[in-house]
Amino acid sequence: MATRETWTTRAGFILAAVGSAVGLGNIWRFPFQTSANGGAAFLVVYLFAVLLIGIPVLLGEFVIGRRANTSAIGAFKKLNHPAWWVVGALGIVASFWTLSYYSVIGGWVIRYIGGSITGAALAAPEGYFGAISVGSSSVITHVVFMAITVGVVALGIEDGIELATKVMVPAIVILLVGLAIFAATLPGAGEGYAFFLEPDLNAIVSNAGTVLPAAFGQAFFSLSVGFSVMITYASYLGEDDSLLADGVTIGIANTAIGVIAGLVVLPLLFAQGVSASTSGPGAVFVSIPTAMANLPGGDIVGQIVGIVFFGVVLIAALSSSISLLEAAVAFLVDNYGFLRGRTAATLGGVAFVLGIPSAWDTAWLSWFDGVGVSLLLPLTVLGVVVFVGWVLGEDAVAEFRTGSSADSLATVWLWGLRTVILAVVVVVVVLNFRDLFLTPEAGDYFIIPGPLR
Ligand code: PHE
């Protein structure tokens, strides 16, 4: 068998992981989860979830991947706990599932770059979204986005993912900061900041039952944990890095970029008096162009801002979708010796077909997103926490310490995974399950797809 690829540099790994983390979750999902769940109150819980739970779990996935040096399902076998392959498999199912609809949204973004260039997306935002987000139009852009994703993954780790993300991640940061500075100059931006940054602690307490699962789900989704993706990426690492330093860098970079995205989106909306409470998959695609169409300076300013904004979203989405596809591709390549290019193309094709319902009807897309984030994701995270904390145990600590000088932190980390983090994740799983199977209004069980009710 050919030797397995590795990242050429440590920065290459970090940028690829940041590229995976920063995506539609930060720019499309985060601002609207924030506004749907009480603005700054949500942000507080989210930050807590990222720092105290998300990053330790991310380190757990890094430990599994680097110690095993093979993709997510084989990893558990290689670590001498073969029965736990189920956790890796669940993560791969989660990432493949997510890829199917992620690519649909990525396709819309491509369309919106075009719509910003011609001005059509800004002229009648609601009608435009209605026309391009469903039916054959949406299926076509879904194909295009998936094809680009396949192209990058087919090129492999060094020449594909590492090279691409080395360009993409700095571009995201520069463009997003530029947009945030622009947004700050808009009259009325202050209200957007206030909504985003001044927490109402009462709102957290009185809505804990919904804010908690939403914030934790968002934190895991955003850090790409619970998808076998970070296990896979870490499997291409050598032994000499500090996983702790890398994990903290990645977690903080992702959060910072999420917050900057909020500093772009919310002032833009508030400045133009567009309701920030619009939710659902169409929110960014309707409110943002509405806001852009009304910018001071006229149509041309709106179009330029539109091109840059959706350009950033597209880059961010691609640097994530490649990681979603890579998790499954790496499994087949590592375990069966399949050729990478053909595997990427075949799996991309299957994910495309799985995404057709989401492309056809946004109600299906919401359902796929709900099942992925509320069911597959928390279960995989739970599996990772139990596995690293209670099954790998001291081996996990040894791996954590390799390349790192933070000896005592390793013990605290393991203890945290075994106790507090495990407890919190169990609560999150239970709350999410309650939403999926029990409460929804009037017998409206989310687990039954909306379009079939
Ligand atoms: N973290 C990505 C985002 O926020 C989504 C993603 C999840 C990517 C899991 C890869 C794995 O958009």
Side-chain angles (χ1 to χ4, degrees), residues 15-34 46 49-50 54-55 57-58 61-62 65 71-72 88 90-106 108-109 145-146 149 152-153 161 164-165 168-169 172 176 214-235 247 250-262 265 281 284 312-331 347 351 365 368-369 371-381 384:
L15 287 174
V18 171
S20 168
V22 174
L24 294 171
N26 303 61
I27 305 175
W28 163 73
R29 214 170 180 281
F30 177 68
F32 290 91
Q33 286 288 318
T34 305
Y46 169 80
V50 166
I55 292 180
V57 177
L58 178 65
E61 294 206 0
F62 284 174
S71 70
L90 202 59
I92 291 180
V93 170
S95 50
F96 200 70
W97 180 270
T98 303
L99 176 63
S100 75
Y101 71 88
Y102 207 86
S103 165
V104 171
I105 306 169
W108 298 346
V109 176
F145 185 90
M146 190 69 85
T149 303
V152 176
V153 173
I161 296 178
T165 50
M168 290 167 135
V169 173
I172 295 169
L176 212 50
F216 278 84
Q218 176 62 22
F220 296 144
F221 185 84
S222 187
L223 285 170
S224 305
V225 299
F227 290 86
S228 289
V229 162
M230 292 303 191
I231 297 180
T232 307
Y233 271 16
S235 74
I250 293 160
I252 290 182
N254 176 55
T255 310
I257 295 175
V259 171
I260 299 173
V265 173
V284 158
V312 176
V313 181
L314 178 62
I315 303 170
L318 278 170
S319 64
S320 297
S321 63
I322 54 183
S323 71
L324 288 167
L325 180 57
E326 174 63 23
V329 168
F331 161 62
L347 289 179
L365 193 150
F368 270 84
D369 182 52
V371 169
V373 176
S374 309
L375 181 67
L376 299 174
L377 174 55
L379 278 182
T380 316
V381 171
V384 168

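Note that the numbering runs from 1 along the sequence shown for the chain. Quick caveat: nothing in here was measured; it's all calculated off a predicted structure. Counting convention: from 1, in listed order, for ligands and their atoms alike.
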Exercise. Any donor-acceptor pair under 3.5 Å linking the side chain of S320 with the backbone of S20?
Worked result: yes
Problem set entry | Taking atom 7 (C) of ligand 1 as the reference point, the nearest protein heavy atom with its distance | F221 O, 3.4 Å
For this session: Considering only non-hydrogen protein atoms, determine which one is nearest to atom 6 (C) of ligand 1 and report residue, atom name and distance to 0.1 Å.
Result: S224 OG, 3.6 Å
Exercise. Side chain, backbone, both or neither: which part of S323 has a heavy atom under 4.0 Å from ligand 1?
Worked result: side chain
Problem set entry | Under 4.0 Å to a heavy atom of N26 - the qualifying atoms of ligand 1, by number | 4 (O)
Exercise. Is there a nitrogen or oxygen of V229 sitting under 3.5 Å from a nitrogen or oxygen of ligand 1?
Worked result: no
Problem set entry | Nitrogen or oxygen of V22 less than 3.5 angstrom from that of ligand 1 | no
Problem set entry | Under 3.5 Å donor-acceptor, N26 side chain and I257 backbone | no
Exercise. Does F30 come within less than 4.0 angstrom of ligand 1, counting non-hydrogen atoms of the residue?
Worked result: no
Problem set entry | Stepwise side chain to side chain contact (heavy atoms under 4.5 Å, CB included) test for V50 and I252 | CA-CA 9 Å; V50 166; I252 290 182; over 6 Å; no
Problem set entry | Enumerated ligand 1 atoms positioned under 4.0 Å from heavy atoms of A21 | 1 (N), 2 (C), 3 (C), 4 (O)
For this session: Flag L324 as yes when one of its N or O atoms lies below 3.5 Å from any N or O atom of ligand 1, and as no otherwise.
Result: no
Exercise. Applying the side-chain contact (heavy atoms from CB on, under 4.5 Å) test to F227, which of L377, T232, V381 qualifies?
Worked result: L377
Exercise. Is there a donor-acceptor pair under 3.5 Å between the side chain of S374 and the backbone N or O of V371?
Worked result: no
Exercise. Can you tell me if T149 uses its side chain to pair, donor with acceptor, with the backbone of F145 under 3.5 Å?
Worked result: yes
Exercise. Should you measure from each heavy atom of Y102, which atoms of ligand 1 turn up under 4.0 Å away?
Worked result: 2 (C), 3 (C), 5 (C), 12 (O)
Exercise. Is a side-chain N or O of S228 found less than 3.5 angstrom from the main chain of G88, in a donor-acceptor match?
Worked result: yes
Exercise. Taking the non-hydrogen atoms of S20, is any one of them nearer than 4.0 angstrom to ligand 1?
Worked result: yes
Exercise. Which atoms of ligand 1 have any heavy atom of G25 under 4.0 Å away?
Worked result: 3 (C), 4 (O), 12 (O)
Exercise. Do any N or O atoms from the side chain of E61 and from the backbone of G226 form a donor-acceptor pair under 3.5 angstrom?
Worked result: yes
Exercise. With a 4.5 Å heavy-atom cut-off, do M146 and L325 have their side chains touching?
Worked result: no
Exercise. Does L24 come within less than 4.0 angstrom of ligand 1, counting non-hydrogen atoms of the residue?
Worked result: yes
